[in-house]
Amino acid sequence: MAKHYYSIAIDGPAGAGKSTIAKALAQELGYHYVDTGAIYRTVAYFLDLLDISPKDVDGVTRYIDELTIEIEYDEEGKQHMLMNGMDVTGDIRTQDISQKASLVSAHAVVRDMLLDMQRDLARKHNVIMDGRDIGTVVLPKATVKIFLTATPEIRACRRYDELVAKGTDTTYEKVLAEVKQRDHQDTTRAIAPLKQAKDAVLVDTSELDIPGVIAAIKAIVGEKIPG
Ligand code: DC
């Protein structure tokens, strides 16, 4: 009989704390952490190098077959993204690629190509997968579903602090406008929009620190997965 694996889906808007929480929890539980946003970012980065606009569905369709994406994990469990064999893990983490990933992810041709890759990981490992449509589309039967959110102002504040720490020259107002624009794009697209699955538990991180969020999520996970 095929081995059964557990899956924890964490969806929510940009800056809600999904990756921080998912990474910490994956380490604690010994699960694979899958950052699905990084996969869309890799597509956006590839098209950007070719000078294809993320809105140009014909261009995207024409070139997408030339892209091979692989996910690898290093000894510390960190996820690496390979674009046609080249490690682009660091290159995809810019504000420009965030916006382009959001736009490119609206196309059916892109989402269809990435669906199997994501499901395949959950077939082979215990996973904590974060994204926008994990609980609704990718893993509708996930063992645990969490919808992690926070106010746009709090999320922008966190993102702004991260960017400043990395030496990026920006303003809080600019980051807030980008957060709101991405929320709008991700929640209003026709295919697999960001939304809370009916059976997902809502966790608002606006008033919580990281240990507080981890404790809240561990309690939710503990109800479904024997420790
Ligand atoms: O999580 P992130 O900020 O790295 O994601 C970048 C973009 O990719 C996000 O704005 C929308 C898209 N995305 C998606 O459509 N579906 C996912 N499961 C993950 C990300």
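Order of appearance sets the numbers: ligands from 1, and atoms from 1 within every ligand. Note that this is a predicted model, so its numbers are computed, not measured. Only this structure's heavy atoms are used, side chains among them; waters, hydrogens and symmetry mates stay out.
Within the 4.0 Å heavy-atom criterion, the part of Ser105 lying near ligand 1 is the side chain and not the backbone. Only the side chain of Arg189 comes within 4.0 Å of ligand 1, counting heavy atoms alone; its backbone N, CA, C and O stay farther away. Under 4.0 Å from ligand 1, not a single heavy atom of Gln185 appears.
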Please assess Ser206 against Asp204 for the test side-chain hydrogen bond (donor to acceptor under 3.5 Å, both in side chains), listing each intermediate value before the final yes or no. CA-CA 6 Å; Ser206 304; Asp204 188 327; 2.6 Å; yes
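Residue Asp186 places at least one N or O, backbone or side chain, under 3.5 Å from an N or O of ligand 1. Residue Thr36 places at least one N or O, backbone or side chain, under 3.5 Å from an N or O of ligand 1. Considering backbone and side-chain atoms alike, Arg111 places an N or O below 3.5 Å from some N or O of ligand 1.
Counting heavy atoms only, Gly37 comes closest to atom 20 (C) of ligand 1 of the residues Ala44, Ala38, Ala16, Gly37.
Using modelled atom types and a 3.5 Å distance limit, the side chains of Arg158 and Thr205 yield a donor-acceptor pair.
Linking ILVMFWY residues whenever their side-chain heavy atoms come closer than 4.5 Å, directly or via other members, places Met86 and Tyr63 in the same cluster.
Among the candidates Lys180, Lys195, Arg132, the single residue satisfying the salt bridge (charged side-chain N to carboxylate O under 4.0 Å, His left out) test with Asp186 is Arg132. Each of Arg111, Arg41, Lys100 was checked for a side chain to side chain contact (heavy atoms under 4.5 Å, CB included) with Ser105, and the lone residue meeting it is Arg111.
For atom 1 (O) of ligand 1, the closest non-hydrogen atom of the protein is Arg132 NH1, 2.9 Å. Of all protein heavy atoms, the one lying nearest to atom 4 (O) of ligand 1 is Arg41 NE, 2.6 Å. Of the protein's heavy atoms, Tyr40 CB, 3.5 Å lies nearest to atom 8 (O) of ligand 1.
For ligand 1, the atoms closer than 4.0 angstrom to any heavy atom of Ser102 are 7 (C), 10 (O). Applying the 4.0 Å criterion to heavy atoms of Arg182 picks out, from ligand 1, the atoms 3 (O), 5 (O), 6 (C), 7 (C), 9 (C), 10 (O). Per-residue contacts place Asp133 under 4.0 angstrom from the following atoms of ligand 1 (heavy atoms of the residue considered): 16 (N), 17 (C), 18 (N).
The line from CD1 of Ile128 to CD of Gln27 is 10.5 Å long, rounded to the nearest 0.5 Å.
The shortest side-chain heavy-atom distance between Val110 and Leu114 falls under the 4.5 Å cut-off.
When the shell of 6.0 Å around CD1 of Ile210 is examined, it contains 12 or fewer heavy atoms from other residues, nucleotides or ligands. For Asp169, the CG atom counts as loosely surrounded, since its 6.0 Å shell holds 12 or fewer non-hydrogen atoms of other residues, nucleotides or ligands.
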